Amino acid sequence: MTLEQQAGTSSPAHDPAVLQQAREAIEGCLDTAAMRDLVLDRVRRNEEWRGRRCVNLVAAEAPTSPLVRRVLSSEAGTRASGGAIGRDRRWFSAMAVLDELEALCVELLKRAFACSFADPRLLGGMHATMVAYTALAAPGDTVLVLGPDGGGDSSHTAEGPPAARGVRLASIPVDASGLDIDLDRFAEVARRLRPPLAALGQTTTLFPLPVTEIREIIGEWGGRLYVDAAHQAGLIAGGAYPDPLAQGADLVTASSGKTFCGPQGGFALWNDPALAEPVSHTIFPVLTGSHQLNRVAALAVATTEVLEYGADLAAGMVRNARCLAAALHERGVPVLGAGRGFTSTHQVLVDARGWGGGFAAASRLAEANLVVNQQPLPGRDDTAFPGGVRLGTAEVTRLGMGTAEMARIAGFLAAVLRDGADPAAVREEVVRFREPFQTVYYCHESGRP
Ligand SMILES: *Cc1c(COP(=O)(O)O)cnc(C)c1O
């Protein structure tokens, strides 16, 4: 399926059966306090299960520190914030202290990423991609993007944000493994199309991309390079992954809740002063009204954690990912990138086609409290029926697990996938294994593990 054809596939709406269950539960309540308790019960049950009894290997997640969680419920989150920092730049008055707060977040992010400009007003990594497609491209422009065959993310498909901007997409050529960009073919396609923008955004990110080389080619006609570092942000800040801005990227956006380990949200980073106006104008008034200052406050706190502990945490995530991959490989579970040390990030990609594909494998693992996600395999486009499962080490690393624990986890995964063990039996072992790992490390409260 080409990116163009993907435009025809629609995203599913909510499952009516689950909504029906919720409606019946609400109708069964005698009063609104009982309805409230229904809500609180789901929060508590998930916290108990996902928060304490599962091994979460979803690469797009990370646990926040207790302080970040408290700050997320702060009073700042009740204030309207439309506009930019500064008395004459906001619609609302009495924002002086909140201006100071937001300025701290901006300056802390600039420090963490050694860049000239940072903007934390994006509500998610997906939201942040719209900044690039709005500020750096015009409707009708053709933009070069990574498709699913290159580990590309849905935020850069003809179904996603670029479509809302009326931007046309062309695919960046990748090699047969899908783990690398084919630079010769890229140069050919790029020189023919001369796009104003190329976007590198990967949901599957095992090895760094040739950012410097791509920037050089695009620069021949003044094109810009945008890197969506949603997954890699914490690794970049921690020095465990190449810094795309230092490699010449014009704009970088990120999720703040993946390897960066902050509250869920997004931010943008850049160095060129000429981008300040178009980026800021895109964020307000195009994409945000109030941008959730509690989230900004929590992100500022999380950034101080990254400044203090980010290097150790990022190195630990990559070390754990390599160790987990090698341990799976030893146990006969097929892992991508075997010839290259499996991974240079927090991610590990397992080929699950032998176990009914990504959805079947992930569902079976979830029954054992091993939480992973289905993932298309690079080198092909199997988005409709993903053949892989993706594992990530952000959460297990932040909980203080190391290489010995990675071997245990590989054993659990192999038992369910390769040996066809009863997931309920494995679940009991997983719950016992997880029990002593309840503290979030790499934060000011608990320091290093
Ligand atoms: C996860 C991801 C996003 C979306 O980020 P959210 O914070 O979940 O909105 C965007 N781009 C890429 C490449 C991603 O991996």
Side-chain angles (χ1 to χ4, degrees), residues 3 11 56-64 68 72 109 119-134 143-165 169 171-172 174 178-179 181 197-209 211 225-236 241 244 249 251-269 283 287-288 291-292 295-296 298-299 302 317 343 345-349 372-376 378 383 386 388 390-395:
L3 293 170
S11 299
N56 294 289
L57 296 164
V58 175
E61 295 174 354
T64 48
V68 164
L72 265 179
L109 283 171
D119 204 312
R121 288 178 290 172
L122 285 318
L123 307 185
M126 186 90 156
H127 196 207
T129 63
M130 207 56 196
V131 171
Y133 291 109
T134 307
V143 173
L144 273 166
V145 298
L146 269 174
D149 58 340
D153 188 66
S154 60
S155 49
H156 305 281
T157 62
E159 272 207 295
R165 177 64 171 158
L169 301 179
S171 298
I172 293 176
V174 296
L179 301 175
I181 288 171
L197 185 68
L200 301 178
Q202 290 186 299
T203 174
T204 300
T205 168
L206 297 180
F207 304 104
L209 295 176
V211 172
L225 178 61
Y226 159 48
V227 173
D228 173 358
H231 269 277
Q232 305 94 340
L235 305 179
I236 293 166
Y241 189 89
L251 179 70
V252 170
T253 63
S255 290
S256 46
K258 298 185 182 174
T259 55
F260 199 75
C261 294
Q264 290 187 334
F267 54 83
L269 312 164
I283 296 176
L287 295 180
T288 59
H291 48 269
Q292 305 174 351
R295 181 189 58 76
V296 170
L299 176 57
M317 287 180 197
T343 181
T345 69
H346 62 304
Q347 293 190 4
V348 173
L349 207 67
V372 306
N373 67 274
Q374 59 175 335
Q375 191 82 352
T383 319
R390 185 182 61 176
L391 319 176
T393 53
E395 178 154 337

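Atom set for the values below is all heavy atoms of this structure, side chains included, hydrogens, waters and symmetry mates excluded. Source: prediction; values computed, not measured. Start at 1 and go down the list; that is how both ligands and their atoms are numbered.
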- prompt: Any luck finding a side-chain donor-acceptor pair between Thr259 and Gln232 under 3.5 Å?
  reply: no
field: Gly201-ligand 1 polar pair, N/O distance under 3.5 Å
entry: no
field: Gap separating the CG atom of Leu123 from the OG1 atom of Thr288, nearest 0.5 angstrom
entry: 7.0 Å
- prompt: CD of Glu61 to CD of Gln264: how many Å apart, nearest 0.5 Å?
  reply: 7.5 Å
- request: For ligand 1, find out whether one of its N or O atoms is nearer than 3.5 Å to an N or O atom of His127.
  value: no
- request: Say whether His231 and Gln202, considering side chains only, have a donor N or O and an acceptor N or O under 3.5 Å apart.
  value: no
task: Please verify whether a non-hydrogen atom of Ala60 lies at under 4.0 Å from ligand 1.
output: no
- request: For atom 9 (O) of ligand 1, find the nearest protein heavy atom and state the residue, atom name and distance (0.1 Å precision).
  value: Met126 N, 2.9 Å
task: Compare every heavy atom of Pro162 with every heavy atom of Ser155, then report the nearest pair and how far apart it is.
output: O-CD, 3.5 Å
statement: closest protein heavy atom to atom 15 (O) of ligand 1 is His231 CD2, 2.9 Å
Arg390 side-chain N/O to Thr203 backbone N/O, donor-acceptor pair under 3.5 Å: yes
field: Any N/O pair His156/ligand 1 closer than 3.5 Å
entry: no
field: CZ-CG distance between Phe207 and Leu179, expressed to the nearest 0.5 angstrom
entry: 6.0 Å
message: Within ligand 1, which atoms have a heavy atom of Gly124 less than 4.0 Å away?
response: 7 (O), 9 (O)
Contact check: Ser255 vs ligand 1, nitrogen or oxygen atoms, below 3.5 angstrom: yes
field: Pair Thr253, Tyr226: side-chain N/O donor-acceptor within cut-off below 3.5 Å
entry: yes
- request: Would you check if there is a donor-acceptor pair between the side chains of Arg295 and Ser256 at a distance under 3.5 Å?
  value: no
message: Suppose we measure from atom 6 (P) of ligand 1 to each protein heavy atom; which comes out shortest, and what is that distance?
response: Gly125 N, 3.3 Å
Region of Gln202 engaging ligand 1 - heavy atom pairs below 4.0 Å: backbone
- prompt: What protein heavy atom sits nearest atom 3 (C) of ligand 1, and how far off is it?
  reply: Lys258 NZ, 3.4 Å
message: Would Thr129 count as a polar contact of ligand 1, with the cut-off being nitrogen or oxygen pairs under 3.5 Å?
response: no
- request: For atom 13 (C) of ligand 1, grab the closest protein heavy atom and report residue, atom and distance to one decimal in Å.
  value: Asp228 OD2, 3.2 Å
